[in-house]
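Because the structure is predicted, anything quoted here is derived from the model rather than measured. Read the numbers this way: they start at 1 and go in the same order the structure lists the ligands and their atoms.
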Amino acid sequence: MATKQPLVLLVDDEHDLCVLMQMTLARMGIKTHIAHHLQQAKLFFSEHKYNACITDLNLPDGSGLDLVKHVTQNYPKVPIAVLTAYGNMEIAIASLKAGAFDFVNKPINQQHLHQLLTKALHVPLVDYSEDNLQLEHQLLIGESKPMLKLKDTIKKVARSQAPVFISGESGTGKDVVAHLIHKLSNRSDSPFVVINCGAISEELIERELFGYVSHSFAGATQDKLGLIQSANGGCLFLDEIAELSLTTQSKLLRALQEKKIRPLGSEQEIDVDFRIISATNQNLEERVQQGKFRQDLFFRIHVMDLHLPPLRERGKDILLLAEHFIKNICLEWDIPSKELAEESKRFLQNQSYAGNVRELRNMIERAITLCDGQIIGLEHLQYSQKRNFSAPLVEAPLNSESLSNTQESSNQIPSEGLEQFLEKVEKEVLLNALNQTHWNRTLAAKKLGMTFRSLRYRLKKFGLDSEDD
Ligand SMILES: Nc1ncnc2c1ncn2[C@@H]1O[C@H](COP(=O)(O)OP(=O)(O)OP(=O)(O)O)[C@@H](O)[C@H]1O
């Protein structure tokens, strides 16, 4: 059986341009209709079934943005791209925010047009199938107003190709959102590659991102594929992007602008096609002002921005999340499910959660460990509040006095040797700071006077990073 020829609507009042696009698309085996103004385009939509649409933004009887909104609302499975004057990023961003799939700069680059349509016609966008709705429901729990709004935006963001920037305090679910965007996008069959820029030393990060060829530095015995290349066709999630050094930022900017990378020590440039999703719990605008983050990169990654509100601002979600974690953890541990006592529910709803959803999850996990019966009582939750992870409970403020025991013992010669002794002290101090900040790692790092990267590095070293990291 012959496959049906895709049908694309081109909307532009410049007749010659439409004909040029029509010829390019015909070479790709795509049939086209042409509309010269907004009302005609809307009429065509009501009469035909299109697989995609490309519209100019300046139409004689209105704005192409209106068409974007019309199509997104009434024909959500049809990807619509906009034609923009070269360099007019503001309007391009506005159309992506309104639900456009992508944009093409004028004058039209045929290769870009080709790539855009290949992607647009590959998979229907905004798949409202049961599977995807369920996926969203399983991954991102939350029915509070800000979460419903966020879920709606995620669907729009997932249908475009634009870079996404996710902000929010530590533990609010940025990682979960990045995953969901990828899963709902038409890149979901290709890899989702995650790199935590805060957890890897500066020296290693460039090698990890761009890869290298053998003998490019001492110890490089063979070629290594970089993570950007591994994400080809899919998404690259750069978590804690604020931690990238200025040198790596320049290289990343180039990769994004030119869609090419050059592995360390190689003469050859490699074409790459990846969508970037980035996140940070730091104030990136402030870092730009301080000269620690490149402004051009900031604009480049900041096309679609999503903000995750702290858990304390979405009280309605606390019990939903708690019950979700109880169910999942019990399933994972293969134990009978448990329930929260009424007083436990009240208790959970009254916490401030400086460590956000991560703190709630940790609390539930520890309560389940402690609870032998079926009902999770206050004693199981309060215990875990006082004693996070298996941390030694040191509630004293973090200052030199609080370490007097350590100083006393430093008068003696530690039996386990200096290295191990110092590691023990270091671990204790880290746990102390984490306990005092409810495992909010940004605050803990601040308290300890170290960078976030350095804290992450140490947590990893001591195996104190929670599993989800
Ligand atoms: N809405 C949610 N639904 C289900 N689980 C969630 C949700 N939000 C967060 N979680 C869970 O909470 C934990 C922390 O989430 P996540 O790692 O995504 O936070 P984050 O904002 O990326 O934190 P950080 O900035 O420290 O990297 C994870 O176990 C994650 O699965």
Side-chain angles (χ1 to χ4, degrees), residues 134-154 164-184 192 194-200 237-244 277-284 305-329 331-332 348 351 353-366 368 388-389 433-434 437-446 451-460 464-469:
Q134 226 178 336
L135 189 74
E136 177 196 299
H137 193 67
Q138 284 165 358
L139 280 182
L140 191 66
I141 306 297
E143 301 294 328
S144 60
K145 241 183 168 174
M147 284 308 275
L148 291 179
K149 202 167 156 222
L150 182 79
K151 285 181 183 183
D152 199 47
T153 318
I154 287 175
V164 185
F165 177 76
I166 311 171
S167 61
E169 289 178 12
S170 180
T172 43
K174 298 184 291 297
D175 201 271
V176 177
V177 168
H179 256 97
L180 186 60
I181 293 172
H182 173 71
K183 295 232 175 206
L184 295 176
F192 177 75
V194 184
I195 180 163
N196 192 311
C197 310
I200 303 177
F237 176 42
L238 288 179
D239 200 2
E240 314 299 351
I241 194 169
E243 298 292 327
L244 284 183
I277 306 180
S278 52
T280 181
N281 50 33
Q282 299 191 41
N283 185 334
L284 209 53
D305 57 347
L306 297 179
H307 178 70
L308 272 152
L311 187 56
R312 61 187 170 275
E313 286 174 19
R314 38 182 164 124
K316 199 178 165 192
D317 295 340
I318 294 173
L319 289 185
L320 271 181
L321 280 160
E323 275 154 12
H324 163 82
F325 291 139
I326 294 174
K327 194 174 128 209
N328 279 11
I329 294 168
L331 261 176
E332 200 182 306
L348 285 177
Q351 300 307 301
Y353 300 106
N356 293 295
V357 187
R358 178 178 289 111
E359 184 182 347
L360 174 63
R361 195 189 187 284
N362 289 341
M363 216 183 222
I364 296 289
E365 189 172 332
R366 288 187 296 273
I368 294 178
N388 279 316
F389 278 59
L434 287 163
T437 57
H438 300 266
W439 279 76
N440 181 324
R441 290 168 295 180
T442 315
L443 281 183
K446 233 180 219 163
T451 61
F452 189 73
R453 177 198 294 278
S454 165
L455 177 69
R456 286 294 280 259
Y457 171 76
R458 286 179 163 82
L459 291 181
K460 233 183 161 73
L464 290 171
D465 251 359
S466 35
E467 270 177 46
D468 49 83
D469 303 314

Participant: For N328, enumerate each residue passing the side chain to side chain contact (heavy atoms under 4.5 Å, CB included) test, keeping only those at least two apart in sequence or located in another chain.
Facilitator: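 Partners of N328 under the side chain to side chain contact (heavy atoms under 4.5 Å, CB included) test: H324.
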Participant: Using atom types as modelled and distance alone, determine if a side-chain donor or acceptor of N356 lies under 3.5 Å from a backbone N or O of L311.
Facilitator: yes
Participant: Under the rule for side-chain hydrogen bond (donor to acceptor under 3.5 Å, both in side chains), what residues qualify as partners of R314, not counting sequence neighbours?
Facilitator: none
Participant: When you measure from the heavy atoms of G168 to every atom of ligand 1, does any distance fall below 4.0 Å?
Facilitator: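 Under 4.0 Å: no for G168.
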Participant: Between S144 and D317, is any side-chain donor less than 3.5 angstrom from a side-chain acceptor?
Facilitator: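 Yes, side-chain donor-acceptor contact under 3.5 Å.
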Participant: Need the ligand 1 atom indices (1-based, order shown) with element for anything under 4.0 Å from a heavy-atom of L321.
Facilitator: 2 (C), 3 (N), 4 (C)
Participant: Hey, does R456 come in under 3.5 Å of ligand 1, counting only N/O atoms on both sides?
Facilitator: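 R456 vs ligand 1: no N/O contact under 3.5 Å.
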Participant: Should the proximity of D239 to ligand 1, defined as any heavy atom under 4.0 Å, be assigned to the side chain, the backbone, both, or neither?
Facilitator: side chain
Participant: Say you draw a straight line from CD of E313 to CD of E169; how long is it, rounded to the nearest 0.5 Å?
Facilitator: 8.0 Å
Participant: So does G168 get a backbone contact from the side chain of K174, meaning a donor-acceptor N/O pair under 3.5 Å?
Facilitator: yes
Participant: Any nitrogen or oxygen of R314, side chain or backbone, less than 3.5 Å from one on ligand 1?
Facilitator: no
Participant: Once you restrict to heavy atoms under 4.0 Å, what part of R361 touches ligand 1? Side chain, backbone, both or neither.
Facilitator: side chain
Participant: Output yes when the distance from some N or O of ligand 1 to some N or O of V176 is under 3.5 Å, and no in every other case.
Facilitator: yes
Participant: Distance under 4.0 Å to a non-hydrogen atom of D175: what atoms of ligand 1 satisfy this?
Facilitator: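 Reading through ligand 1 atom by atom, the close ones are 16 (P), 17 (O), 18 (O), 22 (O).
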Participant: Under the criterion side chain to side chain contact (heavy atoms under 4.5 Å, CB included), which of I166, L184, V164 is the partner of I154?
Facilitator: L184
Participant: With heavy-atom distances below 4.0 Å as the criterion, list the atoms of ligand 1 near I141.
Facilitator: 1 (N), 2 (C), 3 (N), 4 (C)
Participant: May I ask you to identify, for N281, whether its side chain, its backbone, both or neither come under 4.0 Å of ligand 1 on a heavy-atom basis?
Facilitator: side chain
Participant: Tell me the contacting part of L139 for ligand 1: side chain, backbone, both, or neither, using a 4.0 Å heavy-atom threshold, strictly below.
Facilitator: backbone
Participant: Hey, looking at atom 12 (O) of ligand 1, which of V357, L150, L320, N196 has the closest heavy atom?
Facilitator: V357
Participant: Mind listing the closest non-hydrogen atom pair of I364 and I329 along with its distance?
Facilitator: CG2-CD1, 4.3 Å
Participant: Can any side-chain N or O of Y353 pair as donor or acceptor with the backbone N or O of L348 at less than 3.5 Å?
Facilitator: yes
Participant: For ligand 1, note which part of E169 has a heavy atom under 4.0 Å away: side chain, backbone, both or neither.
Facilitator: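 It is the backbone that touches ligand 1; the side chain stays farther off.
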Participant: Hey, does G171 come in under 3.5 Å of ligand 1, counting only N/O atoms on both sides?
Facilitator: yes
